[in-house]
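Small disclaimer: the values here were computed from a predicted structure and weren't measured. Convention: sequence-line order gives letters A, B, ...; per-chain numbering from 1.
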Amino acid sequence: MKTKLKLFAKARDLVGAAELELDLPESATVADLRIALGEHSPALQPLLASLLVAVGTDYASPTTRIGGRQDLAVFPPVSGG
Amino acid sequence: MKTKLKLFAKARDLVGAAELELDLPESATVADLRIALGEHSPALQPLLASLLVAVGTDYASPTTRIGGRQDLAVFPPVSGG
Amino acid sequence: MIQLTHDTIDYTALTESIRSNQAGAVVLFLGTVREMTAGRQTVALDYDGFPEMAEAKLRELEAEARSRWPVIEAGIVHRLGHLELGDISVAVAVSCPHRHQAFDAGRYLIDRLKEVVPIWKKENWSDGSTEWVHPGVDNNGTQPQI
Amino acid sequence: MIQLTHDTIDYTALTESIRSNQAGAVVLFLGTVREMTAGRQTVALDYDGFPEMAEAKLRELEAEARSRWPVIEAGIVHRLGHLELGDISVAVAVSCPHRHQAFDAGRYLIDRLKEVVPIWKKENWSDGSTEWVHPGVDNNGTQPQI
């Protein structure tokens, strides 16, 4: 299923895009997204393990199903303040 | 010896004056001042044990000699802020 | 007041908005762009953010603070975009009946903000290089050895 | 800036005076006149002070804070005279490289101010009575039973 996600900060720079569309099964979890992202953008590889995933405005847990969602965001650890 | 002191807050109100002159021997300490103050102004009696004494801009220790000083201040516990 | 802005933060307006006759204490925290970090010289910072989620998380943090301390009013403003040395990146203001409550609540809000609010800063070092700050991820983007 | 004043405290000017490119954190504390204290309603406070000694003690407190934390700049302004509900009685501002230093130094300064600086407040209760606040001394001026 078409799955849309926003990228921020270094993740966006490494992918070279602010948004991305991946094809994921509906049952796909955060772990599956990580694998798919690494295959789509090998430049993300070194950042992959530390990437955070949000669904809507909440952090996704590792088991959250995210396949087909249009409101995902993927980003490295935050550093505001 | 003529000993001058300023009074503040409730101590001033109870004595009814902002400054006071007492006759104290040169060897008089803070404890002696307390006794002399209580005799001079019986209204101060209930506050006497908690009064603080300053010489110049420093708190006096119980053994500081204060007889004859012109730069004494006497006041109850502080409550600024 | 929960706000993200690209403009200079008006911390006086924020502070006035959280003052109250019910409060004896106001604590304001300002984060400002510091020149030296671990011996390296910064000339500017760029802040990126995910606005919808950042605002939602800031509202959650305010609710968390209210559940822990008798907060009368609280406000958080975070700036995004390009900031020069000394500029204010974030302002947290809180009013409480007593001072230790206000200090604790203010510290909690900025500590938690730095943990969960999706905002990121990029260092512009004096040697001309730039670098995203991602705690726990080293400069090459690899996970640090533990 | 160490100052006693009978005028409204300009905490923005105080805060601007302690900001620095060397600081990543600014903490401002404001004490404000609270309406309710232990269930009693205040309508105003009168602050009395011993100015020369108060200023000397505030300078000592600033020096103490600098000896304990890497304070870049610090300032304390205390108001004297008649204050209405919500008015600011004291402002403490401090800048440090990191935020926990600034929170700790700011809290230390206001805690110590309340212990040692010769300033006193008189409550003007809503029932028309007035009362000096002298911690450790009860309302009749006698020492409390321990």
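For a residue to count as touching a neighbouring chain, one of its non-hydrogen atoms must lie under 4.5 Å from one of that chain's; by this rule E16(D) touches chain C with backbone and side chain alike. Neither the backbone nor the side chain of D10(D) has a heavy atom closer than 4.5 Å to any heavy atom of chain C. Looking at V27(D), the atoms closer than 4.5 Å to chain C (heavy atoms on both sides) sit in the backbone and in the side chain alike. Both the backbone and the side chain of T15(D) have a heavy atom closer than 4.5 Å to some heavy atom of chain C.
Between chain D and the options L85(C), T32(C), I88(C), T12(C), the largest number of non-hydrogen pairs under 4.5 Å is found for T32(C). For the set G86(C), S89(C), S95(C), the count of heavy-atom pairs under 4.5 angstrom toward chain D peaks at G86(C). The choice from P97(C), S20(C), A102(C) that makes the most heavy-atom pairs within less than 4.5 Å of chain D is P97(C).
Between F103(D) and F103(C), the ring-plane angle classifies as perpendicular under the 30° and 60° cut-offs.
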The test is side-chain contact (heavy atoms from CB on, under 4.5 Å); show your working for R107(D) and H100(C) and say whether it passes. CA-CA 8 Å; R107(D) 188 191 292 233; H100(C) 287 170; 3.7 Å; yes

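Contact detail for R34(D) and Q22(C): the closest heavy-atom pair is CG-O, 3.4 Å.
The pair D87(D)-R19(C) does not count as a salt bridge, with every side-chain nitrogen at least 4.0 angstrom from each carboxylate oxygen.
Of the inter-residue distances, the one linking T42(D) atom OG1 with N21(C) atom CG reads 10.5 Å to the nearest 0.5 angstrom.
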